[in-house]
Amino acid sequence: MRLTRSLIPTIKETPAEAQIVSHRLMLRAGMIRQQSAGIYAWLPTGLRVLHNIANIVRAEQARAGAQEILMPTIQSADLWRESGRYDAYGPEMLRIRDRHDREMLYGPTNEEMLTAIMRDSVQSYRDLPQMLYQIQWKFRDEVRPRFGVLRGREFYMKDGYSFDPDYASAVASYRRMMLAYMRTFQRMGVRAVPMRADTGPIGGDLSHEFHILAPTGESGIFYDSDFEHMDWIHSLPGYDDPSEIDIFYDQITQTYAATDEKHDLNSWADVPELRRREGRGIEVGQIFYFGKKYTEAMGFSVTGPDGSKIHPEMGSYGIGVSRLTGAIIEASHDDAGIIWPDAVAPFRAAILNLRQGDATTDKLCEDLYAGLGDAALYDDRPARAGEKFADADLMGHPWQLIVGPRGAATGQVELKRRRTGERAELSLTDALAKVLA
RNA sequence: CGGGGCGUGGCGCAGCCUGGUAGCGCGCUUGUUUUGGGUACAAGAGGCCCCCGGUUCGAGUCCGGGCGCCCCGACCA
């Protein structure tokens, strides 16, 4: 993308309303613009990050055997009356009426709707298990939205649902999802730590929250430093072998991690002192097993092997996709701006033409741009070097390709790594190879 | 939902107490200048002062009502 033809409205001064760093940086980098309290428009670079995160989620869901669907944002109140949650949910649920005065709502979650879909479509235990998910906008009318996209009222969320014929199968689904989540967050370039959690209004008796480690996190967390070394991408347990999944699950759940509310001093004392870590975390996902709560309430049953009716066991699995954009920034930034992990960055590299209009630098930049295509943001503004450096640092591209008259004369490009500040003078070919590696 | 604060060119703010031609910095446009970390100079453009009502000869300023947004706390993917 050429910067002169893009809507990337970076700003130098910090907007007054933004208190925390990710909110400030998202506004300053031109990723989002606020429309109402807790409601944001996503501009081109912000949306690219949102899509990158969503696509990592998709890839890992597919690997775990989940199928993507898309359900409507607007739901009927009657559906929620079936489960009893229409009255139970409270003012967080945005209730609306259509022109015929029918009661509707903007979905805060979708257990009821998918249970109804399954009820209409699945009659036999042979059709189970099923794991389905969507990535869709949700609305929860928070009393006090804040922290930009970390605590918005409208948010983009991956919500998945499992349906199993019996308890053992349901637990296996739960464990598979936990593995998928660990891989998902690791691929995004951040560390997530799973912790036992309360089930809250969704109900059920098994739940974990996933927190990203960030000094500005909302909750205090305690964890074993072993979590910092676990690698679920390069040493992937097999999804198809339940015993491998169980080994994974045991390793995760036997390693200490707790939010300050659930912190247990006795178990903490069992963690070797050198491995004890105290920090702060941002919750970016939560998974639940809740059994037959909805299938019974809504009358979803299948015929079992012996011909009797059984209510499937359910679990649900959430990832805050829009929240993750902010959470990753909280975990990865410096005084100059965002430092995007490669996997989610809106562009792999920025091309900085320090002397726009100079035939030599222009040519070199155009060649780089041709080699990188959509992976690059070409800063072709007729602006001063300092401004281009500042904006590139602010936007946080993993690589900066700096082209000035000095090096351009000999065909050299300066390649800077945003995260480390490392710089190297390279030929065009070598620079491209390194960025695309 | 309790407590506090703020709405003035795109952004950050002053002006309000004590009513009388709407200002500053940044940004934007044009020209010159500068050219590896937000250059300097000059000339410009741009404002229903959140909305409605009241007081007054006159309201950004005073009074009443509304709306919006932010912060602290309780609550939450």
Side-chain angles (χ1 to χ4, degrees), chain A residues 9-20 23-24 27-28 30 33-39 57 89-93 107-111 135-160 181 192 197-202 207-212 218-219 259 261 281-288 316-327 335-337 352-358 361 379 381-394 400 402-408 412-414 416 421 423 425:
Chain A
T10 59
I11 46 183
K12 217 196 252 188
E13 292 179 78
T14 300
E17 76 269 16
Q19 294 300 306
I20 67 159
H23 191 195
R24 283 204 301 269
L27 290 168
R28 288 194 52 216
R33 287 294 182 261
Q34 181 170 336
Q35 298 309 307
S36 297
I39 300 178
V57 171
Y89 212 91
E92 270 199 349
M93 183 151 73
T109 179
N110 285 59
E111 281 84 5
I135 301 178
Q136 175 65 293
W137 292 95
K138 304 289 187 295
F139 194 92
R140 293 183 193 172
D141 201 357
E142 296 280 344
V143 201
R144 194 189 155 204
R146 60 185 131 167
F147 305 143
V149 300
L150 290 183
R151 180 90 175 268
R153 292 194 291 172
E154 186 182 54
F155 56 97
Y156 202 45
M157 180 184 177
K158 173 263 175 183
D159 48 318
Y181 274 37
D198 287 323
T199 50
I202 292 187
S207 178
H208 284 87
E209 289 177 355
F210 298 81
H211 288 252
I212 278 188
E218 286 186 80
S219 12
T259 58
E261 296 126 27
I282 302 170
E283 189 189 335
V284 292
Q286 186 166 9
I287 58 180
F288 304 85
S316 75
Y317 313 89
I319 293 179
V321 175
S322 50
R323 173 178 280 191
L324 266 163
T325 58
D335 289 345
L352 308 188
N353 189 344
L354 301 190
R355 183 83 57 92
Q356 199 73 37
D358 175 277
T361 59
D379 190 344
R381 296 175 298 178
R384 293 176 55 80
E387 190 174 345
K388 296 194 177 193
F389 288 134
D391 272 347
D393 286 349
L394 172 63
Q400 293 173 18
I402 301 162
V403 179
R406 216 167 51 202
Q412 295 286 293
V413 174
E414 182 179 331
K416 175 185 161 188
R423 295 158 187 271
E425 294 277 339

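- One finds a side-chain N or O of A:Arg384 lying less than 4.0 angstrom from the OP1 or OP2 phosphate oxygen of B:rU39.
- In this structure, A:Phe389 does not pack face-to-face on the six-membered ring of B:rG36, missing the 5.5 Å centre cutoff or the 30° plane limit.
- Within 4.0 Å of A:Ser322, counting heavy atoms only, lies no atom of the nucleic acid at all.
- Partner assigned to B:rG31 is B:rC41, using Watson-Crick or G-U wobble distances below 3.5 angstrom.
- Within the 4.5 Å cutoff, the side chain of A:Asp391 has no heavy atoms near those of the A:Leu352 side chain.
- Proximity of A:Phe147 to A:Gln19: side-chain heavy atoms (C-beta onward) are nowhere separated by under 4.5 Å.
- Judged by atom type and distance alone, A:Arg151 reaches the base of B:rC76 through a side-chain donor-acceptor pair under 3.5 Å.
- On a pure distance criterion of 3.5 Å, no polar donor-acceptor pair joins the side chain of A:Glu387 and the base of B:rG37.
- Using a 4.0 Å cut-off, no side-chain N or O of A:Gln356 falls inside it from OP1 or OP2 of B:rU35.
- Atom pair A:Phe147:CZ and B:rC70:C1' shows a separation of 12 Å (rounding to whole Å applied).
- Out of B:rG38, B:rG12, B:rA74, the shortest distance to the side chain of A:Arg146 is found at B:rA74.
- Across the P atoms, B:rG64 and B:rC6 are found 16 Å apart, a figure rounded to whole Å.
- Distance check on atom C1': B:rA14 versus B:rU8 gives 10 Å, rounded to whole Å.
- Among the protein residues, A:Lys158 comes within range of no part of the nucleic acid, since none of its heavy atoms lies under 4.0 Å from any strand.
- A:Ala390 comes within contact range of at least one nucleobase, with a heavy-atom separation under 4.0 Å.
- Within 4.0 Å of A:Asp159, counting heavy atoms only, lies no atom of the nucleic acid at all.
- B:rU33 sits 15 Å from B:rA43 when the C1' atoms are compared, rounded to a whole Å.
- Within 4.0 Å of A:Gln19, counting heavy atoms only, lie sugar-phosphate atoms of the nucleic acid but no base atom.
- Ring geometry for A:Tyr181 against A:Tyr317 counts as perpendicular: the plane angle is over 60°, on a 0 to 90° scale with 30° as the lower cut.
- With C1' as the reference atom, B:rA45 and B:rC26 are 16 Å apart, rounded to whole Å.
- In this structure, A:Lys388 and A:Gly285 both approach RNA chain B, and ranking their closest nucleotides by distance from the 5' end singles out A:Lys388.
- Between the CZ atom of A:Arg406 and the CG atom of A:Leu354 there is a distance of 9.0 Å, given to the nearest 0.5 Å.
- We find that NE2 of A:His211 is positioned 13 Å from P of B:rC76, with the value rounded to whole Å.
- Atom pair A:Leu352:CG and B:rU35:C1' shows a separation of 15 Å (rounding to whole Å applied).
- Comparing the same atom, C1', in B:rG7 and in B:rA77 gives a spacing of 31 Å after rounding to whole Å.
- Between the CG atom of A:Asp358 and the C1' atom of B:rU35 there is a distance of 11 Å, rounded to whole Å.
- Base engagement by A:Glu13 is indicated by at least one non-hydrogen atom pair under 4.0 Å involving a base atom.
- For the atom pair CG of A:Asp159 and CD1 of A:Ile319, the computed distance is 10.5 Å after rounding to the nearest 0.5 Å.
- Straight-line distance between the P atoms of B:rG54 and B:rC16: roughly 26 Å, to the nearest whole Å.
- Checked against B:rC70, B:rG38, B:rC76, the side chain of A:Glu218 finds its nearest nucleotide in B:rC76.
- The nearest whole Å value for the distance from the CG atom in A:Leu150 to the P atom in B:rC76 is 17 Å.
- When both pairing distances are held under 3.5 Å, B:rG12 makes a Watson-Crick or G-U pair with B:rC24.
- Here A:Arg153 lies out of heavy-atom contact (under 4.0 Å) with every strand.
- Judged purely by distance below 3.5 Å, without hydrogens or angles, the side chains of A:Gln400 and A:Asp393 pair a donor atom with an acceptor atom.
- A gap of 14 Å separates the P atoms of B:rU61 and B:rG53, to the nearest Å.
- In this structure, A:Ile11 reaches neither bases nor backbone, as no heavy-atom distance under 4.0 Å exists between it and the strands shown.
- Comparing A:Glu92 and A:Ala385 against RNA chain B, the residue whose closest nucleotide sits nearer the 5' end is A:Ala385.
- Residue A:Gly404 is in base contact, counting any heavy-atom pair closer than 4.0 Å across all strands shown.
- If you measure from atom CD of A:Glu142 to atom P of B:rA77, you get 8 Å, rounded to the nearest angstrom.
- Taking only side-chain nitrogens and oxygens, A:Lys12 comes nearer than 4.0 Å to OP1 or OP2 of B:rG27.
- Nucleic acid contact for A:Gln34: sugar-phosphate only, since backbone atoms but no base atoms lie under 4.0 Å from a heavy atom of the residue.
- Atoms CD and CZ, on A:Glu92 and A:Arg140 in that order, are 7.0 Å from each other to the nearest 0.5 Å.
- Using a 4.0 Å heavy-atom criterion, one finds that A:Gly90 contacts no nucleic acid atom at all.
- Without hydrogens or angle criteria, A:Arg153 side chain to A:Ile39 main chain gives no donor-acceptor distance under 3.5 Å.
- Applying the Watson-Crick and G-U wobble criteria (two distances, each under 3.5 Å), B:rG73 pairs with B:rC1.
- Here B:rG68 sits opposite B:rC6 as a Watson-Crick or G-U wobble pair (both hydrogen-bonding atom distances under 3.5 Å).
- To the nearest whole angstrom, the two C1' atoms, one in B:rC28 and one in B:rC72, are 37 Å apart.
- In this structure, A:Arg381 places its CZ atom 15 Å from C1' of B:rU35, rounding to the nearest Å.
- Between A:Arg144 and B:rC72, a side-chain N or O to OP1/OP2 separation shorter than 4.0 Å is present.
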